[in-house]
Participant: 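What follows is a single structure, and I will ask about it in a moment.
Note that ligands are numbered from 1 as they come in the structure, with each ligand's atoms numbered from 1 the same way.
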Amino acid sequence: MPYTAADCLRSRRDFPALNRTADGQRITYLDGPGGTQVPRAVIEAIHSVYTDCNVNTHGNFPPSREVDRRMQAARSVVATFLGAADEHCISFGQNMTTLNFALATAIGRTLVPGDEVVITQLDHEANRGPWLGLRERGVVVQEVRLLESGVLDSDDLAAKIGPRTRLLALGASSNALGTVNDIALARRLTRAVGALLVIDAVHYAPHFPVDVAALGVDFLLCSAYKFYGPHVGILYSAPGALAHLPTDRLGTQDASAPFRIETGTLNHAAIAGVHAAVEYLASWGAGASLRARVVDAMASISAYEHSLGRFFYERVRELPGIRIWGCDFSTRARAPTVSISFDALTPAEVAAALGAQGICVWDGNFYAARAVEVLGLAARGGLLRTGISMYSMQDELAQLLDALAAM
Ligand SMILES: Cc1ncc(COP(=O)(O)O)c(C=O)c1O
């Protein structure tokens, strides 16, 4: 079932933040890669935990049983969202970065000096820093080259994965350039040498259906606040992948998956909000099962966002004094995130001028600091990034284009 401009207009009614003005001015949110707005259903799910069952888990009294039920339901729905076997594959945490540090620490304990981990120049620091830290243990960290075109050098990727490689940490999609990486190739290469594959899907999950089983990944991380939910990190572990990892955990803690990597009390209300965000997305799809509706909705929203991305990309490239970074929109393997730089202005100057007009776009390196450095943009303040979400409208992009043209 296609997701149309009329659907987008309907969806906007569900997001209270989109219907507010600031100082009498309409706010145009084109900052989705930094975090999306939330629909009312998410706010209500969070509210409902505080009113109905704001107690800790595993108690022998009714509100505690209820919060247990909601946590289990949330895990199960997120498993469906990602195409995972069941809720035992889904761990929650404060955010993706925290979970990835926990994962890297645990995996690091299984490595010996001289073992190799491969990261990329394109990835967000959250999928680099935790692995770079393993150098303290004598692990050798290899870095796959980013080409000026905004794609990873696949020959370099193949060359860097060798007999000593124990793990490849790769982003599914770049939050800076919108590049979509070849996970199937990464899986073939890592499988050939028996290495683990850890995928950062933070920027991918809001824009494409995810199918962890089809991808065959060992671990995949994402973050609900990028797909219309609250600030909660999500770790998918393939069945059995987490079970024996030497994670940091208390002796009193449940040592089985998915709890093995979770520490302390989780944010139950926010996790109920994650559940609601997935159900909300699924409500835009058709199908007999929740999984079918999720996949249908994500595929339709993806096509809508891609067409807006293409519109913006084609128009912005015509403006003088602007350079676009990243691939064009000739294939579907492209997230709707478009970054540009300016001959005469810094991205921060442009972002501030746009912000004064109520247009929210990010400038800088978006924590993809290595990519921005490799592209030679660090000294010039990085990039100006326009992010398209399910609630973005073509007239908002036209407003941005007019504002850019006027500068
Ligand atoms: C691609 C990517 N990976 C990882 C992260 C880190 O996510 P979190 O804020 O949940 O730690 C981000 C956040 O912007 C991101 O865009």
Participant: What's the shortest distance from atom 9 (O) of ligand 1 to any protein heavy atom, and which residue and atom give it?
Facilitator: Tyr225 OH, 2.5 Å
Participant: Does the ring center of Phe366 lie less than 6.0 Å from the ring center of His124?
Facilitator: no
Participant: Taking all non-hydrogen atoms of both residues into account, name the closest pair between Val202 and Cys222 and its distance.
Facilitator: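 The pair with the smallest heavy-atom distance is CG2-CA, 3.8 Å.
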Participant: At a 4.0 Å threshold, what atoms of ligand 1 neighbour a non-hydrogen atom of Ala126?
Facilitator: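 Result: 4 (C), 6 (C).
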Participant: What is the nearest protein non-hydrogen atom to atom 15 (C) of ligand 1, stated with its residue, atom name and distance?
Facilitator: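 The protein heavy atom lying closest is His124 CD2, 3.2 Å.
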Participant: Mind checking whether Lys226 has a heavy atom under 4.0 Å from ligand 1?
Facilitator: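 The answer is yes, since Lys226 has a heavy atom less than 4.0 Å from ligand 1.
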Participant: Can you list the ligand 1 atoms lying under 4.0 Å from a non-hydrogen atom of Ser223?
Facilitator: 8 (P), 10 (O)
Participant: Determine whether the side chain, the backbone, both or neither of Tyr367 has a heavy atom under 4.0 Å from any heavy atom of ligand 1.
Facilitator: neither
Participant: Side chains of Tyr280 and Asp14 only: does a donor on one sit below 3.5 Å from an acceptor on the other?
Facilitator: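 Looking only at side-chain atoms, Asp14 and Tyr280 do form a donor-acceptor pair, the distance falling under 3.5 Å.
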Participant: Answer with side chain, backbone, both or neither: which part of Met96 has a heavy atom less than 4.0 angstrom from an atom of ligand 1?
Facilitator: both
Participant: Ring centres under 6.0 Å, that's the criterion: do Phe227 and Phe81 meet it?
Facilitator: yes
Participant: Please tell me whether Thr98 and Asn95 have a donor and an acceptor in their side chains that are separated by less than 3.5 angstrom.
Facilitator: yes
Participant: Phe366 near ligand 1, heavy-atom distance under 4.0 Å?
Facilitator: no
Participant: May I ask whether Asn127 places a heavy atom under 4.0 Å from ligand 1?
Facilitator: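 Contact check Asn127 vs ligand 1: negative.
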Participant: Ligand 1 versus His231, non-hydrogen atoms closer than 4.0 Å: side chain, backbone, both, neither?
Facilitator: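 No part of His231 comes within reach of ligand 1.
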Participant: If we ignore angles and hydrogens, is there a donor and acceptor under 3.5 Å between the side chains of Ser91 and Tyr236?
Facilitator: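 Result is no, nothing qualifies.
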Participant: With heavy atoms under 4.0 Å as the rule, classify the contact between Thr97 and ligand 1 as side chain, backbone, both or neither.
Facilitator: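 Looking at Thr97 and ligand 1, atoms from backbone and side chain both fall under 4.0 Å.
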Participant: Would you check if there is a donor-acceptor pair between the side chains of Thr28 and Gln399 at a distance under 3.5 Å?
Facilitator: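 On atom types as modelled, these side chains qualify, holding a pair under 3.5 Å.
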Participant: Quick test: of every protein heavy atom, which one is nearest to atom 3 (N) of ligand 1, and how far off is it to 0.1 Å?
Facilitator: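 Minimum-distance protein heavy atom for atom 3 (N) of ligand 1 reads Asp200 OD2, 2.6 Å.
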Participant: Residue-level breakdown please: for Val202 versus ligand 1, do any non-hydrogen atoms fall below 4.0 Å on the side chain, on the backbone, on both, or on neither?
Facilitator: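 Just the side chain.
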Participant: Does any N or O in the side chain of Thr331 come within less than 3.5 Å of the main-chain N or O of Ala333, such that one atom is a donor and the other an acceptor?
Facilitator: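 Yes.
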Participant: State, without any angle test, whether Arg291 and Ser289 hold a side-chain donor-acceptor pair at a distance under 3.5 Å.
Facilitator: no
Participant: Under 3.5 Å between some N or O of ligand 1 and some N or O of His203?
Facilitator: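 Looking only at distances, the answer is no, because the N/O contact criterion of under 3.5 Å is not met.
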Participant: Mind checking whether His203 and Thr337 have side chains closer than 4.5 Å, heavy atoms only?
Facilitator: yes
Participant: Just which atoms of ligand 1 are under 4.0 Å from any heavy atom in Asn95?
Facilitator: 8 (P), 10 (O), 11 (O)
